[in-house]
Structures are given as C-alpha cells and as structure tokens.
Trainee: 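Here you go, one structure.
Model, not experiment: these values are computed from the prediction. Values reported hereafter were calculated over all heavy atoms of this structure, with side chains retained and with hydrogens, waters and symmetry mates removed.
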Amino acid sequence: MKYAVVSDVHANLEALSAVIAAIDVERVDAILCLGDVVGYGANPNECARMLVSAGAKSVVGNHDRAALGLRDTVHFGWKAEQAMQWTRRLLGGATRDWLASLPLVRKASPELLLFHAALHPTPNDELHLSSLSRLEKSLRALQEGGYGARIGLFGHTHHAGAWRARGGAFGPAPGDLVKLDDGAHYLINPGSVGQSRDGDPRAAFAILDMDHGAVWFRRVEYDTTLAMAKVAALEARQRSGIAAWLSARLPRGLFAGQRR
C-alpha cells in the first residue's frame, strides 16, 4: 500500500489544492489526514470537502475540536484565538458533522496508527512532541499500549521528521527519504500543509510506501499571497465588526479618538 500523509491543513485551500495535485501524480492508494483541518485559514468548509471527496482517512485535531466547542482555547495564542472566532462563524453543518465524526486515534492498517498530537500519558490532541524525551515516551506508548501497530503518524508540531526505536535504542531517522526497518517502530510527522513553521513556506506532506518500506518527505509551492490576503480580509472584517459593536455602546465622542 502507498499512502499520502497530510496534517495541519488549517483551512488553507491554496496549500491543500497544491498538495492534492501533487498527490494525484503519486497514484497513492489512500490519503491519511492527521487532524487540524480547520483553524487559522479562510476556507474551512472547502478544505473539509476536498478531503472528504478524496476519501481521506482522518483523525481530529485540537483546532477541529475547538471549532466544534469541544475544547476551550485558553492555551491558544492570540492569532489562533482570533481565527477561531471566524472559523466558528464560517463552519457549515456538513463540516461540523464530519469533524464531529472523527476519532482521536485511528488504525489505518494493522501497522499504521494515526493520532494528532501525542499518545502519552493518554492519546491526546494537545501535547507537542517537541523534544526527544516526549517523542520517546509516545513511541514507547505505541509499542506498549496494545495498539498492535509499529508506525505512528502524528502532526501538531508543524515540523516534519521521523524517529525510530529498535531494541533499547531510540533516535531520529534523518533525511528526506527514510528507509523503514521491518524490526523497528517509528513515529513519523509529515509537517504542515497549511502553516509551515520550519522556515520553509512551502506546503509539506509525506508519501509512505509500505510495499517498498520507505517514507519520502515532500514540499510544494502554492499561492501564499492569495492565502494570506484571504486571512487579512477576514481579520479586517472582524476588526470592523468589533469597532461597530463598540461604537454602538460607547458614549458619543469617546470612540475612535473623536474630540469632545
């Protein structure tokens, strides 16, 4: 089986469209999505429809659950919190129903386990696997948690990479092409489709070929200018709405620095 692995689309239609076009060339058997389809970007419904249409096997992410009101945003940054306000307004019923149907953990095959953030201390959508210590704990949870899988696919950090455990040894498996050892367990992160945070603005995804025992990390260009302009328009509309709300409630002459 040959899979395309995507994560952290974050409602970026331009990035997802470019990734899907690149995936079509690869002739994969299935697309695996590791959560955070929505949040930050301007097109949550369109991105959800694109993944559903592609038959993607998906899990839910923290931004997806926040958009549904299933988790609070107390740990979100200011931009994430602001974006969640318009995401909730934009979200259509079909998108809500699809996101609500997604599990936190999913077996894509006997060997593959999908999750968004971490497997320890329990499967969750919040903990960043941003250190070797955390990665090792989640990989140990993959080995010992009764999942029956040897490869865990996760997102959330917006940084691509692969890590391997065999016997008592654990560490990164570097490179854009990683050969998979049949006797090892792996954690693999494809990076972020819609909001790269590693200094490379291109959309990230991975191709996982189980028949040939390898994973390739891929990047594709997309129209970042258009994607950013859409977000800027939503931000401006939101600021305008806040200004109108304040203007209707503050005493005349106190709003927008008017002179009395």
Side-chain angles (χ1 to χ4, degrees), residues 1-68 70 87 90-117 123 125 147 149 151-158 160 186-196 202-211 215-220 222 227:
M1 291 286 287
K2 187 178 182 182
Y3 301 95
V5 188
V6 301
S7 189
D8 298 279
V9 174
H10 284 297
N12 187 332
L13 182 61
E14 287 67 40
L16 181 59
S17 297
V19 166
I20 292 295
I23 288 170
D24 286 343
V25 176
E26 296 286 348
R27 303 171 68 94
V28 300
D29 297 297
I31 296 175
L32 309 179
C33 178
L34 309 178
D36 276 4
V37 175
V38 305
Y40 288 116
N43 295 103
N45 299 307
E46 294 85 349
C47 288
R49 282 197 295 269
M50 185 173 287
L51 289 168
V52 170
S53 178
K57 298 180 179 179
S58 303
V59 292
V60 71
N62 59 314
H63 283 258
D64 304 324
R65 294 183 65 226
L68 296 172
L70 299 178
T87 297
L90 292 173
L91 221 59
T95 304
R96 288 180 179 277
D97 290 344
W98 180 64
L99 292 176
S101 74
L102 300 179
L104 197 60
V105 176
R106 179 172 188 167
K107 287 286 286 286
S109 77
E111 289 190 289
L112 298 178
L113 185 73
L114 316 184
F115 59 100
H116 178 63
D125 68 349
Y147 298 108
I151 298 174
L153 304 175
F154 73 102
H156 195 46
T157 69
H158 296 219
Y186 290 86
L187 290 181
I188 297 171
N189 188 325
S192 173
V193 169
Q195 198 191 68
S196 174
R202 294 176 298 168
F205 68 103
I207 300 295
L208 175 61
D209 191 330
M210 297 300 292
D211 294 330
V215 60
W216 292 265
F217 296 100
R218 295 281 310 278
R219 305 299 285 249
V220 292
Y222 71 93

Trainee: Which heavy-atom pair separates Thr95 from Ala48 by the least distance, and what is that distance?
Mentor: CG2-CB, 3.7 Å
Trainee: Regarding His158 and Asp8, do their side chains bring together a donor and an acceptor under 3.5 Å, going by distance alone?
Mentor: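 Yes, side-chain donor-acceptor contact under 3.5 Å.
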Trainee: Might you point out which heavy atoms bring Asp125 and Ala117 nearest each other, and give the distance in Å?
Mentor: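 Heavy atoms of Asp125 and Ala117 come nearest at C-CB, 3.4 Å.
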Trainee: Could you check whether any side-chain N or O of Lys107 sits under 3.5 Å from a backbone N or O of Tyr147, counting only pairs where one atom can act as donor and the other as acceptor?
Mentor: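 Yes, Lys107 side chain to Tyr147 backbone: donor-acceptor pair under 3.5 Å.
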Trainee: Would you call the rings of Phe115 and Phe154 parallel, tilted or perpendicular, taking 30° and 60° as the class edges?
Mentor: parallel
Trainee: Should Lys2 and Ile207 count as side-chain neighbours, where that means a heavy-atom distance under 4.5 Å?
Mentor: yes
Trainee: Which heavy atom of Cys33 sits nearest a heavy atom of Leu114, and at what distance?
Mentor: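 What the structure gives for the nearest pair is O-CD1, 4.5 Å.
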Trainee: For the pair Asp64 (side chain) and Val38 (backbone), establish whether a donor and an acceptor sit closer than 3.5 Å, ignoring hydrogens and angles.
Mentor: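 Present.
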Trainee: How far does NE2 of His156 sit from NE2 of His63, to the nearest 0.5 angstrom?
Mentor: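 Separation between the atoms: 7.5 Å.
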Trainee: Distance from Glu26 atom CD to Asp209 atom CG, nearest 0.5 Å?
Mentor: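 Atom-to-atom, Glu26:CD and Asp209:CG are 9.5 Å apart.
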Trainee: Evaluate the side-chain contact (heavy atoms from CB on, under 4.5 Å) criterion for residues Ile20 and Ile31: first the C-alpha distance (whole Å), next the side-chain angles of each, then the deciding distance (0.1 Å), finally the verdict.
Mentor: CA-CA 9 Å; Ile20 292 295; Ile31 296 175; 3.9 Å; yes
Trainee: Start with the C-alpha gap between Val59 and Val105, add the side-chain angles, then the distance that decides, and say whether side-chain contact (heavy atoms from CB on, under 4.5 Å) holds.
Mentor: CA-CA 6 Å; Val59 292; Val105 176; 5.8 Å; no
Trainee: Grab the two heavy atoms, one from His10 and one from Tyr40, that are nearest each other, plus how far apart they are.
Mentor: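 For His10 versus Tyr40, the nearest heavy atoms are ND1-CD1, 3.4 Å.
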Trainee: Within the distance-only criterion (no hydrogens, no angle test), does the side chain of Asn189 pair as donor or acceptor with the backbone N or O of Ala160 below 3.5 angstrom?
Mentor: no
Trainee: Please give me the minimum heavy-atom distance between Ala15 and Val193, naming the atom from each residue.
Mentor: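 Closest pair (atom of Ala15, atom of Val193, distance): CB-O, 3.3 Å.
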Trainee: How long is the span from the CZ atom in Arg219 to the OG atom in Ser196, to the nearest 0.5 Å?
Mentor: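 The CZ atom of Arg219 sits 4.5 Å away from the OG atom of Ser196.
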Trainee: Any side-chain heavy-atom pair from Leu99 and Leu91 closer than 4.5 angstrom?
Mentor: yes
Trainee: Give the intermediate values and the outcome of side-chain contact (heavy atoms from CB on, under 4.5 Å) for residues Leu68 and Arg96.
Mentor: CA-CA 7 Å; Leu68 296 172; Arg96 288 180 179 277; 4.0 Å; yes
Trainee: If you take all heavy atoms of Gly194 and Tyr222, which pair is closest and at what distance?
Mentor: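 Smallest heavy-atom distance, with atoms named: O-OH, 4.0 Å.
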Trainee: Hey, is the main chain of Leu13 close enough, under 3.5 Å, to the side chain of Ser17 for a donor-acceptor pair?
Mentor: yes
Trainee: Less than 4.5 Å apart, side chain to side chain, heavy atoms only: is that true for Val37 and Trp98?
Mentor: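 Answer yes - side chains close enough.
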Trainee: Distance from Leu70 atom CG to Asn62 atom CG, nearest 0.5 Å?
Mentor: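 Answer rounded to 0.5 Å: 12.0 Å.
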Trainee: Looking at CG of Leu112 and NZ of Lys57, how far apart are the two atoms once the value is rounded to the nearest 0.5 Å?
Mentor: 9.0 Å
Trainee: To the nearest 0.5 Å, how far apart are CG in Asp97 and CG in Leu102?
Mentor: 11.0 Å
